[in-house]
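Keep in mind that the numbers below use all heavy atoms, side chains included, and drop hydrogens, waters and symmetry copies. Atoms within a ligand are numbered from 1 in the order they appear, just like the ligands themselves.
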Amino acid sequence: TLKALLVILLPVHPLWKSPVSVPGGTRQSPINIQWRDSVYDPCLKPLTIQYDPSTCLHIWNNGYSFLVEFEDSADKSIITVGPLECHYRLKQFHFHWGAINEWGSEHTVDSKVFPAELHLVHWNANKFSSFEEAISEDNGLAVIGVFLKIGTHHKGLQKLVDALPAVKHKDTSVEFDVFDPSCLMPSCPDYWTYAGSLTTPPLTESVTWIIKKRPIEVDQDQLEEFRLLLFTSAGEEEKKMVDNFRPLQPLMNRTVRSSFE
Ligand SMILES: CCCCNCc1ccc(S(N)(=O)=O)cc1
Ligand SMILES: [Zn+2]
């Protein structure tokens with residue numbers, strides 16, 4: 001809409017934050033995925049996802065997004081196969097979203113921006129003994145990216161949305177006993193995969209990205225609940241938690257592979 005365009009063009013718009021980049025970074029994220037430049041790799045198998053809902057610990061607002069964290073002291077919630085050579089343990093999932101539906105995702109597909117993007121963050125439990133150790137190592141992390149689009153109400157997400165008022169302010173958390181993140185996966189197994197980085201500091205180049213081709217649908221009210229969260233702590237001047245996405249980074253010398261023709 002014209003309003004959206006005018007808002008974006010304002011020089012003060014958060015979109016024009018200097019693209020924080022790692023000096024000498026050659027594999028930074030997010031990127032635009034040009035569908036026709038992606039290369040079908042017949043060796044890529046479907047991802048195997050085994051999540052144990054009882055490993056869910058709590059939701060917390062870390063002042064950048066809201067995270068749902070999982071107990072990762074054993075191989076209870078893992079992903080394996082797909083583009084991966086090891087098994088990776090689920091540590092947390094979180095989202096990135098915009099102030100309005102015209103933007104919000106970190107990755108784009110043929111320059112199409114989605115209103116939000118889900119990231120499920122896993123660490124390589126074959127090679128490392130903790131998330132903190134894996135974060136700065138080659139093949140240390142695997143992050144599944146799922147696009148959100150506005151459509152029908154998402155029943156599984158609603159349990160999460162209902163808990164958000166309890167974590168409105170930065171550094172607040174609430175216990176979250178049982179939640180199965182596989183309810184947030186699209187049914188289609190197709191994905192793109194490429195070698196990238198974390199999209200927030202420390203921006204380490206340790207991530208195998210697995211971007212699902214199909215988005216999940218959430219309704220307008222559910223996304224509006226995300227936008228009621230705050231970047232700020234209780235008592236500070238309120239700043240709405242919106243536009244918490246990093247600008248696109250150069251592809252450099254990388255190929256995006258697809259698991260589908
Ligand atoms: C050492 C503490 C780091 C906590 N934060 C890590 C982190 C940053 C970005 C992403 S993302 N947005 O690339 O999935 C995941 C996890
Ligand atoms: Zn993220």
Side-chain angles (χ1 to χ4, degrees), residues 14 17 19-22 25-33 47 49 57-70 72 77 79 82-84 88-98 103-109 113-125 128-148 157 160 167 170-171 173 181 184-185 191-212 215-216 218 223 226 229 231 241-251 254 256:
K17 286 182 292 224
V20 176
S21 60
V22 184
T26 58
R27 46 174 282 187
Q28 288 291 290
S29 295
I31 59 169
N32 174 53
I33 296 168
L47 195 58
I49 297 178
L57 290 172
H58 52 254
I59 302 184
W60 71 289
N61 177 332
N62 70 350
Y64 190 81
S65 182
F66 68 92
L67 316 178
V68 180
E69 291 204 298
F70 290 78
D72 64 348
S77 288
I79 58 169
L84 307 170
Y88 289 67
R89 269 185 214 162
L90 177 64
K91 172 71 180 170
Q92 50 105 325
F93 69 80
H94 62 274
F95 297 80
H96 303 262
W97 61 92
W103 59 75
S105 64
E106 297 212 299
H107 292 86
T108 57
V109 178
V113 183
F114 289 83
E117 184 173 332
L118 159 64
H119 289 159
L120 296 119
V121 183
H122 311 75
W123 56 276
N124 187 330
F128 308 110
S129 51
S130 74
F131 170 70
E132 286 70 20
E133 181 194 350
I135 206 167
S136 46
E137 301 292 337
D138 200 26
N139 296 317
L141 303 178
V143 182
I144 302 174
V146 181
F147 296 116
L148 275 64
L157 184 76
L160 214 50
V167 292
K170 178 181 177 187
D171 295 330
S173 70
L184 300 173
M185 283 298 153
Y191 61 85
W192 289 283
T193 184
Y194 78 96
S197 74
L198 298 179
T199 65
T200 67
L203 300 170
T204 40
E205 299 183 334
S206 56
V207 182
T208 298
W209 278 96
I210 299 165
I211 306 290
K212 300 295 285 182
I216 58 169
V218 303
L223 202 49
F226 285 23
L229 293 168
F231 281 128
M241 183 180 275
V242 293
D243 300 331
N244 55 357
F245 54 86
R246 189 190 191 193
L248 291 174
Q249 302 298 308
L251 185 61
R254 289 181 283 183
V256 177

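Note: Trp97 and Phe66 have tilted aromatic rings, judged against thresholds of 30 and 60 degrees for the angle between ring planes. The aromatic rings of Phe147 and Phe114 sit parallel, their planes meeting at an angle under 30°, below the 60° perpendicular limit.
Residue His96 approaches ligand 1 through these ligand atoms, each under 4.0 Å from one of its heavy atoms: 12 (N). In the vicinity of Val121, heavy-atom distances shorter than 4.0 Å reach the ligand 1 atoms 14 (O), 15 (C). Ligand 1 places these atoms under 4.0 Å from at least one heavy atom of Gln92: 16 (C). Taking every heavy atom of Ile135 and a limit of under 4.0 angstrom, the matching atoms of ligand 1 come to 1 (C), 3 (C), 6 (C).
Rounding to the nearest 10°, we obtain 110° for the angle at the Zn ion (ligand 2) between His94 NE2 and His119 ND1.
Among His122, Glu106, His94, the residue whose heavy atom sits closest to atom 14 (O) of ligand 1 is His94.
Contact detail for Trp60 and Ser173: the closest heavy-atom pair is CB-CB, 3.4 Å.
Gln28 pairs in a side-chain contact (heavy atoms from CB on, under 4.5 Å) with only one of the listed residues (Leu203, Thr199, Leu198, Leu248), which is Leu203.
In this structure, Trp209 has its ring center under 6.0 Å from that of His119.
Within the structure, the closest approach of Trp209 to ligand 1 falls below 4.0 Å when heavy atoms are considered.
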